[in-house]
Amino acid sequence: MRDNPILLNLLCCPTCRNKVKLYETENLSSDGHIIKGTLKCCNCGMVYPIQGGVPRFVPTKNVAADISATVKGFGYEWKYVNKLIKDTHFITEKSFLDLIYPIQPEYFKEKIVLDAGCGAGRFTYHAQQFGAKAIVGIDLSEAVDVAFQQTRHCQNVIIIQADISTFLPLQKCFDYIFSVGVLHHTPNPRGTFEAIVRLLKPEGGVSAWVYGRENNDWVINFLNPIRLKLTSRLPRGILLALSYFLAAPLWLITKSIYGPIGKIDSLAWLRKYLFYFDYLFYLSGVEYRTQTFIVFDVLVPTITKYTTYEDFKRWFSENKFKNLSITSRNGNSWRGFGIRSLLEDNL
Ligand SMILES: C[S@@+](CC[C@H](N)C(=O)[O-])C[C@H]1O[C@@H](n2cnc3c(N)ncnc32)[C@H](O)[C@@H]1O
Ligand SMILES: [Zn+2]
């Protein structure tokens, strides 16, 4: 993290919600980051370590076992599996904009932005490129170390490690919050949504992308028992090898059947007969390594939840959001955007 008052003022003490200040800076890097040090609460005096350039607000006890197992899996995913991906499609601005539709790059200009569950920081980086004034990337897993490296050249980005479901060490100061593929990996997705939107300024916007309940019966009834009983418990290296192996038939089927049928208009009549067509057609456009990554991503978490359209809409409408846009993505997930109309936050 940089000794930058604009970024420091976005943080707060998770214990008493007062300001924190830099207390010790033991190790300063040549590119201006405090690699090791501490933050101290101006009110209650609690101290929080900065390690590897990242302020750590990680509770030392009472992290639920399922949250802990889920973020360990994702830590491995972003630290090691992510390196496999050479497929630019997967990490481009285009795929980010697809996930936060209908938001466009101009929306980011001069905004204070939160990437809630930033993983390796691929979208934190795009938010910076789109002209945000300051961006916080927050994640509970070891992925923060990768996110820090990916964004350390950006003057206006800070990466922090904390639990977004219970433990947000941030001020209510954000113009825009996005959370891509994260809420459904927390024990109570709506509760986590409500925790993050409390950090919005009046008239602030939020985007969320979550797995849908609709069209996912086969995942819930067939895949999830296998994930819970087997794959989420496997040693990560073995799961990675298994994912590589499982991606072979997936790649063959998506490239040879779903891709052509999705692209050739005269074959459009066949689409309704094909299993999970929209999503598998989407997968036909990504490379083998990316498919391996996606298989790993689906099989590794302990916690994965599915939200219906009606419930997802209620997350927004019952929390005073207006200008709602809720759209399906690839037939199996929901993208939502809304603007918080409350002047005072009474949540
Ligand atoms: C599928 S990844 C998505 C990462 C990123 N949004 C992206 O699309 O590149 C889900 C992320 O949510 C994080 N996560 C899960 N539960 C969390 C929690 N309770 N607090 C903070 N981060 C959490 C995981 O560590 C993981 O990096
Ligand atoms: Zn405090």
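Each ligand, and each atom within it, is numbered from 1 in the order the structure gives.
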Among [options], whose heavy atom sits nearest [atom]?
| atom | options | value |
| --- | --- | --- |
| atom 10 (C) of ligand 1 | Ser68, Ala64, Gly181, Gly119 | Gly181 |
| atom 22 (N) of ligand 1 | Thr166, Leu168, Leu140 | Leu140 |
| atom 12 (O) of ligand 1 | Val180, Val300, Val146, Val182 | Val182 |

Practice problem: Report whether Val219 and Leu228 are members of the same hydrophobic cluster (ILVMFWY, side-chain heavy atoms less than 4.5 Å apart, transitive linking). | Solution: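 No, Val219 and Leu228 fall in different hydrophobic clusters.
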Quiz item: Considering only the protein, which heavy-atom contact is closest to atom 20 (N) of ligand 1, and what is its distance?
Solution: Ile164 N, 2.9 Å
Quiz item: Among protein heavy atoms, which sits nearest to atom 13 (C) of ligand 1, and what does the distance come to when rounded to 0.1 Å?
Solution: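 That would be Asp139 OD2, 3.4 Å.
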Quiz item: With sequence neighbours left out, what residues match Asp217 under salt bridge (Lys or Arg N to Asp or Glu O under 4.0 Å)?
Solution: Arg213
Quiz item: In the shown structure, where waters are left out, how many protein N, O or S atoms lie under 2.8 Å from the Zn ion (ligand 2)?
Solution: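 My tally for this metal is 4.
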Quiz item: Would you call the rings of His153 and Tyr125 parallel, tilted or perpendicular, where under 30° means parallel and over 60° means perpendicular?
Solution: tilted
Self-check item: Aromatic plane relationship, His126 with Phe130 - under 30° parallel, 30 to 60° tilted, over 60° perpendicular
Solution: parallel
Quiz prompt | ligand 1 contact on Cys118 by region, counting heavy-atom pairs under 4.0 Å | solution = backbone
Quiz item: Taking heavy atoms and a distance under 4.0 Å, where does Asp297 meet ligand 1: side chain, backbone, both or neither?
Solution: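 Just the side chain.
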Quiz item: Below 3.5 angstrom, do we get any N/O pair linking Gly117 and ligand 1?
Solution: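 N/O-N/O distance below 3.5 Å exists for this pair.
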Quiz prompt | Asp163 to ligand 1, any heavy atom closer than 4.0 Å | solution = yes
Quiz item: For Ala162, is the nearest heavy atom under 4.0 Å from an atom of ligand 1?
Solution: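 Yes, Ala162 has heavy atoms under 4.0 Å from ligand 1.
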Quiz prompt | Main-chain N/O of Ser284 paired to Lys255 side chain as donor or acceptor, under 3.5 Å | solution =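 Side chain of Lys255 to backbone of Ser284: a pair is present.
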Quiz item: Between the side chain of Arg335 and the main-chain N/O of Asp98, is any donor-acceptor distance below 3.5 Å?
Solution: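 Between the backbone of Asp98 and the side chain of Arg335 there is a qualifying donor-acceptor contact (under 3.5 Å).
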Exercise. Please confirm whether Phe293 and Trp78 have ring centers closer than 6.0 angstrom.
Key: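 Centroid distance Phe293-Trp78: below 6.0 Å, so yes.
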Self-check item: Remaining members of hydrophobic cluster (4.5 Å side-chain criterion), Val58
Solution: Val63, Ile67, Val71, Leu140, Ile303
Quiz item: To which residues is Tyr101 joined in a hydrophobic cluster, defined by side-chain heavy-atom contacts under 4.5 Å among Ile, Leu, Val, Met, Phe, Trp and Tyr, whether direct or through other members?
Solution: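 Same cluster as Tyr101: nobody, lone residue.
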Self-check item: Positive for ring pair (Phe, Tyr, Trp, His ring centres under 6.0 Å) with Phe178, one of Trp209, Tyr107, Phe96
Solution: Phe96
